[in-house]
Amino acid sequence: MKRINDAINESFGKFTKNQKVLSEFILNHCEKAAFMTAAEVAAASGVSQSTVVRFAAALGYESFSEFHDSLKNELKYRITALEKFELLNDSVPDSSVFENLASTDIMNIKKTLAANHADALKNACTRLQFASKVYLYGQGPAAAAAIYLGSYLRTLLNNVCIVNLSCDDPLCTIGTIGGSDLLFVISLPRHTDTTKALLDYAQSGEACIITVSEGADSETSIYADVNLCAECGDFGVNGSLAPLLSLLNTLVCLIIRNDERAEKKLRLLDELPQFSASRQDGVL
């Protein structure tokens with residue numbers, strides 16, 4: 001989905017006077033317009049409702065509804081974590097916060113399920129299993145998700161590096177990546193220069209690349225051999241990591257289900273604490 005500011009910049013020279021006034025309102029008050037009807041946007045910006053509808057069409061959207069969805073998508077890039085929590089506190093009583101967040105997570109997990117085809121998940125697992133070395137990187141809050149995934153893959157696979165846990169610069173950490181290796185990058189909804197540099201470098205080394213992003217048209221998906229999607233809410237990854245962790249947990253489960261050696265390794269890991277306890281009790 002095209003970002004609002006890009007769509008406006010591309011069409012600004014063709015706008016009428018009222019459409020230019022409306023564009024200024026949208027750019028400056030996107031967080032409000034995203035929750036307004038066409039009539040409310042018109043009243044707040046001082047133009048007619050028909051101008052709002054024509055404005056959406058001028059930007060290339062088939063309907064105001066599609067334009068409205070794009071406004072909500074823009075919040076992923078604009079609203080900070082603090083602003084997100086302020087919005088939540090204004091609209092939801094304390095007694096309902098947990099219920100509200102849990103319901104949102106459930107909805108977004110279902111969206112994540114619908115966005116990822118079974119073949120893409122299977123393809124990602126196969127590439128992970130056959131890579132000579134796997135490098136995992138999570139941008140921003142997604143670093144926690146990369147570490148979570150890495151804690152399992154280090155047990156299931158032979159050679160796994162969690163870039164976020166390295167003391168070196170991320171680019172230096174993957175410096176020896178080659179054609180038989182794999183870079184697994186998690187970043188959504190923003191994509192920093194560091195993330196793009198890692199992807200550029202891995203691509204130049206002909207390594208396999210798996211990305212997890214906000215959608216098939218994200219800035220990172222163009223690098224990917226396999227792109228997976230996670231819907232973390234209208235406010236992006238600051239909203240919740242629950243859908244992302246569900247997706248990553250699915251990859252772990254699929255690897256275990258389809259690799260007897262991986263299953264044995266995980267079973268052994270579960271038995272080690274019992275073995276240690278037995279030694280301490282003098283059984284062995």
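What you are looking at is a predicted structure, and each value in this text was computed from that prediction instead of being measured. Note that the numbering runs from 1 along the sequence shown for the chain.
Looking only at distances, no side-chain donor or acceptor of His29 sits under 3.5 Å from a matching main-chain atom of Glu24. Between the Ser221 side chain and the Ala216 main chain, a donor and an acceptor come within less than 3.5 Å of each other. A donor-acceptor contact shorter than 3.5 Å links the side chain of Thr250 to the backbone of Ser246.
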query: Would Asp225 and Ile210 satisfy side chain to side chain contact (heavy atoms under 4.5 Å, CB included), going step by step from the backbone distance to the final call?
result: CA-CA 6 Å; Asp225 295 288; Ile210 297 176; 5.9 Å; no
message: Set out, in order, the CA-CA distance, both residues' side-chain angles and the distance that settles side chain to side chain contact (heavy atoms under 4.5 Å, CB included) for Thr173 and Cys161, then state yes or no.
response: CA-CA 9 Å; Thr173 302; Cys161 172; 3.7 Å; yes
message: Determine whether Tyr148 and Asn249 satisfy the following criterion, side chain to side chain contact (heavy atoms under 4.5 Å, CB included), listing intermediate values before the conclusion.
response: CA-CA 9 Å; Tyr148 168 81; Asn249 193 45; 3.2 Å; yes
field: Trace of the side chain to side chain contact (heavy atoms under 4.5 Å, CB included) decision for Tyr152 with Ile256
entry: CA-CA 10 Å; Tyr152 280 101; Ile256 295 171; 5.6 Å; no
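The structure places OH of Tyr61 at 12.5 Å from NE2 of His68, a figure rounded to the nearest 0.5 Å. For the atom pair CG of Leu59 and CG of Asn9, the computed distance is 10.5 Å after rounding to the nearest 0.5 Å. Interatomic distance, CD of Glu231 versus CE of Met107, reported as 7.5 Å (0.5 Å rounding). Summarising the geometry, atom CZ belonging to Phe64 is positioned 11.5 Å from atom OG belonging to Ser70; distances are rounded to the nearest 0.5 Å.
The two residues Ser218 and Ser213 have their closest heavy-atom pair at OG-OG, 2.8 Å. Taking both residues in full, the closest heavy atoms of Val41 and Ala33 are given as CG2-O, 4.2 Å, listed atom of the first, atom of the second, then distance. Between Asn18 and Val47, the shortest heavy-atom distance links the atoms O-CG1, 3.7 Å. Ala145 approaches Leu244 most closely through the heavy-atom pair CB-CD2, 3.5 Å. Between Ser45 and Val21, the shortest heavy-atom contact is O-CG1, 3.7 Å. Minimum heavy-atom separation, Asn164 to Ala146: OD1-CB, 3.8 Å.
Within the hydrophobic cluster formed by Ile, Leu, Val, Met, Phe, Trp and Tyr side chains joined at under 4.5 Å, directly or through other members, Tyr223 is accompanied by Tyr135, Tyr137, Val163, Leu171, Ile174, Ile177, Leu183, Val185, Leu198, Leu199, Tyr201, Ile209, Ile222.
Residues Leu165 and Val134 fall within the same hydrophobic cluster, defined by Ile, Leu, Val, Met, Phe, Trp and Tyr side chains chained together at heavy-atom separations under 4.5 Å. Using a 4.5 Å cut-off between side-chain heavy atoms of Ile, Leu, Val, Met, Phe, Trp and Tyr, with links allowed through other members, Leu188 and Leu251 fall into the same hydrophobic cluster. When the side chains of ILVMFWY residues are joined at heavy-atom separations under 4.5 Å, either directly or via intervening members, Val53 and Phe35 end up in two distinct hydrophobic clusters. Criterion: ILVMFWY side-chain heavy atoms under 4.5 Å apart, direct or through other members. Under it, Ile106 and Leu241 are not part of a common hydrophobic cluster. Hydrophobic clustering of Ile, Leu, Val, Met, Phe, Trp and Tyr side chains at less than 4.5 Å, counting indirect connections, unites Leu245 with Leu228.
Two residues are said to be in side-chain contact when any heavy atoms from C-beta on lie closer than 4.5 Å; Ile255 and Gln129 meet this criterion. Within the 4.5 Å cutoff, side-chain heavy atoms of Ile162 are placed close to those of Arg154. In this structure, the side chains of Phe67 and Ile4 come closer than 4.5 Å at one or more pairs of heavy atoms.
Within 6.0 Å of atom CD in Glu40, more than 12 heavy atoms from other residues, nucleotides or ligands are found, so the atom counts as buried in its surroundings. With a 6.0 Å radius and a threshold of 12 heavy atoms from other residues, nucleotides or ligands, Lys20 has its NZ atom above the threshold. Within 6.0 Å of the CG atom in Asp168, the count of heavy atoms belonging to other residues, nucleotides or ligands exceeds 12.
Judged by distance alone, the side chains of Ser48 and Ser50 do bring a donor and an acceptor atom under 3.5 Å apart.
Taking the six-membered ring for Trp and thresholds of 30 and 60 degrees, Phe55 and Phe15 have ring planes inclined between 30 and 60 degrees apart.
A side-chain contact (heavy atoms from CB on, under 4.5 Å) with Leu247 holds for exactly one of Asn116, Leu149, Ile186; it is Asn116. Checked against Glu219 for a side-chain hydrogen bond (donor to acceptor under 3.5 Å, both in side chains), the options His191, Arg190, Lys196 give a single hit: Lys196.
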Side-chain donor-acceptor pairs under 3.5 Å in residues 119-128, sequence neighbours left out?
{"from": "Asn123", "atom 1": "OD1", "to": "Arg127", "atom 2": "NE", "distance (Å)": "2.9"}
{"from": "Thr126", "atom 1": "OG1", "to": "Lys122", "atom 2": "O", "distance (Å)": "3.0"}

